[in-house]
Amino acid sequence: MKQKLFDKFAELFGNSDGARFYFSPGRVNLIGEHTDYNGGHVFPCALTMGTYGAARKRDDRKIHFYSMNLDKFGVVEASLDDLTNKQEYNWANYPLGVVWAFDGRGYHLESGFDMVIWGNIPNGAGLSSSASLEVLTGVILTDLFGITDLSMTDLALIGQYSENNFNGCNCGIMDQFTVAMGKKDNAIFLDTNTMKYEYAPIKLDDAKIIITNSKVKHSLVDSAYNDRRQECTDALAALKTKLDISALGDLTPEEFEANKDLITDPVQLKRAKHAVYENQRTIDAVAALKDGDIAKFGELMNQSHISLRDDYEVSCGEIDILVDLAWKTPGVVGSRITGGGFGGCTVSIVKNEAVDAFITGLGSAYKEQVGHEAEFYTVDIGDGASRLA
Ligand code: GLA
């Protein structure tokens, strides 16, 4: 990979002398969906799939971005003197947004830089290709410009800030945090209210985690996402007229049930119910995992899907087909939609002996019902973003 990237770098920018090499993963969330902007818990892990980058400082104020996946955009040229989102920059608005966020925090880069990327995270599949790129950019900037006082958590927060304020999606912190802080063979149990986290080893001796890509992405994903977020904010405001809480994640399901009449809007009520119960499911799922009770973990994943489908309404027909097929397949411990929703991927835990039947069975039934193929990836949990040798 490095060679391919560096050859391209040399072709575009004369040579690759002094260019440095970086990697930033994608992520999959095992449970705890749409809880991260509600002060709840999440349980994601970093993937070995991700975004590779080669980068080098320039001696002028130009910034060049080139994606080997989206080569039709050619070299995108921006300038340190005009850090604004431009439609023609397309994908490069993600890394540029990070430069902008650094600048806003007082990290004014002394020069521009050239950056070439190539990634193997399927785009728009809900596996955080954008967070991967944001954190990659953060790592590149700190490394190239010798910025030593930003932690990986800071880079995650900067990535989220740029996505919220430069690219217009009000995402929570889960994706960038996972990409920055991922650890091989571990998932991250993060409390988004306090930002306290712990690593939990994922040792499934007799099962695999399989991601199934529906290969659909419904439009308006960002606006529907922002709507969900607003509905939760409104539900919280209604609860706060009586309760002293700062987030939906502060409530146990019992406290929620005792006070839910404060929320008069039926849609907001469903959204808040999901946020509260999903947070509890995530806590329970991590406890089950620690007890070695994978069956319970899977059952909680299934409940998570039902809640995301019926109360949070972020699933879609294609994803429900995949999940229903998975639930009917012997040897499937649990299966649910993962990520922001409205398409994208499911995540399933499948017993080793059932993996082949899962892939062929779901593969052909999905094709028959939906008309196109799904894609399957067996999860390998990798490390967070870093500079590579
Ligand atoms: C997207 C967002 C995350 C999170 C998930 C849903 O991936 O970027 O912050 O809210 O959706 O859990």
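Everything numeric in this text was worked out from a predicted model, so none of it was measured. Heavy-atom basis, side chains included; hydrogens, waters and symmetry copies ignored. Just so you know, ligand 1 is whichever comes first in the structure, and atom 1 is the first atom listed for that ligand.
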Return the minimal non-hydrogen interatomic distance between Gly32 and Thr282, and the atom names on each side. CA-OG1, 3.0 Å
Counting non-hydrogen protein atoms only, what is the nearest one to atom 11 (O) of ligand 1? Give residue, atom name and distance. Gly340 CA, 3.2 Å
Does any N/O atom on Asn29 come nearer than 3.5 Å to any N/O atom on ligand 1? no
Between Tyr66 and Trp118, is the gap from one ring center to the other below 6.0 Å? no
Please state which protein non-hydrogen atom is closest to atom 5 (C) of ligand 1 and give its distance, to 0.1 Å? Met174 CE, 3.7 Å
Mind checking whether Tyr161 and Trp100 have parallel, tilted or perpendicular rings, split at 30° and 60°? parallel
Should the ring pair His41 and Phe189 be called parallel, tilted or perpendicular, given that the plane angle runs from 0 to 90° and is split at 30 and 60? parallel
Sub-4.0 Å heavy-atom contact, Arg27 with ligand 1: yes
Based purely on interatomic distance, does Tyr37 place a nitrogen or oxygen under 3.5 Å from a nitrogen or oxygen of ligand 1? no
Find all atoms of ligand 1 within a distance of less than 4.0 Å from any non-hydrogen atom belonging to Cys171, and give their numbers and elements. 2 (C), 8 (O), 9 (O)
Closest approach of any protein heavy atom to atom 8 (O) of ligand 1, naming residue and atom: Asp175 OD2, 2.6 Å
Counting from 1, what ligand 1 atoms have a heavy atom of Tyr225 closer than 4.0 Å? 1 (C), 2 (C), 3 (C), 4 (C), 9 (O), 10 (O), 11 (O)
Please check whether Gly32 reaches ligand 1 - meaning an N/O of the residue sits under 3.5 Å from an N/O of the ligand, judged on distance alone. no
As a quick check of understanding, evaluate side-chain hydrogen bond (donor to acceptor under 3.5 Å, both in side chains) for Asn279 and Asn38, giving each step before the final call. CA-CA 9 Å; Asn279 183 39; Asn38 284 310; over 6 Å; no
Please could you name the atoms of ligand 1 that Gly172 approaches to less than 4.0 Å, counting only its heavy atoms? 9 (O)
Heavy atoms only: give me the nearest Ser111-Lys57 pair and the separation to one decimal. OG-CD, 3.8 Å
Can you name the one residue among Thr212, Leu127, Ile210 that meets side chain to side chain contact (heavy atoms under 4.5 Å, CB included) with Cys345? Leu127
Using a strict threshold of under 4.0 Å (side-chain N to carboxylate O), is an ion pair present between Arg336 and Glu33? yes
Would you call the rings of Phe113 and Phe145 parallel, tilted or perpendicular, where under 30° means parallel and over 60° means perpendicular? perpendicular
N/O separation below 3.5 Å, His34 to ligand 1: yes
Give me the residue, atom name and distance of the protein heavy atom closest to atom 9 (O) of ligand 1. Asp36 OD2, 2.5 Å
Does any N/O atom on Ser128 come nearer than 3.5 Å to any N/O atom on ligand 1? no
